[in-house]
Engineer: 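So that we are looking at the same thing, I have put the structure below in structure tokens.
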Amino acid sequence: MIALLLVAALLPQQVLVATPRGQANVPVSFERGAAAVAASRLTQPLGLASSIDGTAVRVVLGGRTFDFDLGAPFVRIGDAAYPLVGAPYVVRDTLFLPLHWLAEFVPRLSGGRYRWDPVRARLDESAPVVAPVALSPPGGGTTSALPPVTAVPPAPTVGANTPNPITGLRLRHTIVVDPGHGGIDPGNPGLHFPGRLAEKDITLAIGRLLRAELVRRGLTVVLTRSTDTLIDLADRPLFCRAECDLFVSIHVNSMPKGQRQGRVSGVETYFLSDAKTEDQKRVTQMENDAMRFDTQTPAGDGPLAFILKDLQLNEYLRESARLAELVQGRVAAIHPGGDRGVQQGPFLVLAAARRPAVLVEAGFATHKEDGPFLASALGQRRIVNAIADGVVAYLLEFERKLAVGGPGR
Ligand SMILES: [Zn+2]
């Protein structure tokens, strides 16, 4: 898709760091694939300090401590760990840090001190925020009015936490579950659903059951909707920001009238990328069509601009593909309609998620066995257990990667 090519073309060759003390152009390296910047080039403009101990990398910036491991695409902040696009690495005695970290995690934790402009590839440091009156020096000087530096506890050793008895997971994780459609947007009409059920009813039922199952396994879950309401397509991924590890959108497939309508069945799991096949284009178009129900579209922007706005589009591609693979494998194993595999498409609902994100098309409402299976309590239960299995399998892998090169290994 054209939009995706444009996004690739817009990956910055350099980053402008603008601070009250001056500006610096920092070249972006693609030597190891993902965009990265040399830590030493950030020392002067930002006051970044870094140290390497074995494979452990510690970076202090703006009063925050970030812990990395060389070769592992994650950053630990306090007691939370986040996947990154690209891993820190050392080339010719120079430490390179993922641009993704600089563009997203540094601003997010800075309390407004740093802002990232993805269009101009520019990181702005604002003048120190004036602290509360009581902390200001007499005369309102600004030099000592820096926001208080919050003490950040040392990053936990992964092995230090007791594993959850059900899942074996050691860290806290939050999953955003997104039941597709809702309210005035029924989704597909559900040809073989009993009664007058539509896609929106099945996605809500599965979403609520999935929340219950994941909570039972010790995970934290946020639902984008828990009732028959419509959430703007563009707003759904916004549920997945600071406190979120994964985004899972639930949908039901359908085939248009025609020879194939009654024959096609099974589950498929999508991640965000270019649509390659006619079927992928059909599903993407069908799900993106919910955009017309959105109460507010970005001013003057069409759907393409909406996707374009997100320059970090590809950053979770590999992790999303892996999540899709694990979820698809588990659900396909229990699905009477069969395995239609991992698929890809430029879904609006996935475009703005800041985490690995997948969309599960849990079966075909237009198939005479898939439809009743999706609408049945037993079918929903089996689908939910399988999705939960896939999510937990992914998170276990994620935690194992975090432990690579960590203490005690
Ligand atoms: Zn749908």
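Each ligand, and each atom within it, is numbered from 1 in the order the structure gives.
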Engineer: Under 2.8 Å from the Zn ion (ligand 1), which protein N, O or S atoms are there? Could you list them by chain and number?
Structural biologist: His181 NE2, Glu199 OE2, His251 ND1, Glu287 OE1, Glu287 OE2
Engineer: For the backbone of Arg236 and the side chain of Thr224, can you confirm whether one donor and one acceptor N or O come within less than 3.5 Å of each other?
Structural biologist: no
Engineer: Quick one: does Phe364's side chain get under 4.5 Å of Met255's, heavy atoms only?
Structural biologist: yes
Engineer: Give me the ring orientation class for Phe96 and Tyr89: parallel if the planes are under 30° apart, tilted from 30 to 60°, perpendicular past 60°.
Structural biologist: parallel
Engineer: For Trp116 and Val15, what are the C-alpha separation, side-chain angles and deciding distance, and is it a side chain to side chain contact (heavy atoms under 4.5 Å, CB included)?
Structural biologist: CA-CA 10 Å; Trp116 172 251; Val15 171; 3.7 Å; yes
Engineer: Can Phe347 and Phe271 be said to form a ring-ring contact (aromatic ring centres under 6.0 Å, His included), step by step?
Structural biologist: CA-CA 8 Å; Phe347 291 93; Phe271 64 97; 9.9 Å; no
Engineer: Let me have the donor-acceptor pairs involving side chains of residues 322-331, under 3.5 Å, with sequence neighbours excluded, atom names and distances please.
Structural biologist:
{"unit_1": "Arg322", "atom_1": "NE", "unit_2": "Glu397", "atom_2": "OE1", "d": "3.0"}
{"unit_1": "Arg322", "atom_1": "NE", "unit_2": "Glu397", "atom_2": "OE2", "d": "3.0"}
{"unit_1": "Arg322", "atom_1": "NH1", "unit_2": "Glu325", "atom_2": "OE1", "d": "3.4"}
{"unit_1": "Arg322", "atom_1": "NH1", "unit_2": "Glu325", "atom_2": "OE2", "d": "3.1"}
{"unit_1": "Arg322", "atom_1": "NH2", "unit_2": "Glu397", "atom_2": "OE2", "d": "2.4"}
{"unit_1": "Gln328", "atom_1": "OE1", "unit_2": "Thr269", "atom_2": "N", "d": "3.0"}
{"unit_1": "Gln328", "atom_1": "OE1", "unit_2": "Thr269", "atom_2": "OG1", "d": "2.8"}
{"unit_1": "Gln328", "atom_1": "NE2", "unit_2": "Val267", "atom_2": "O", "d": "3.0"}
{"unit_1": "Gln328", "atom_1": "NE2", "unit_2": "Asp339", "atom_2": "OD1", "d": "2.6"}

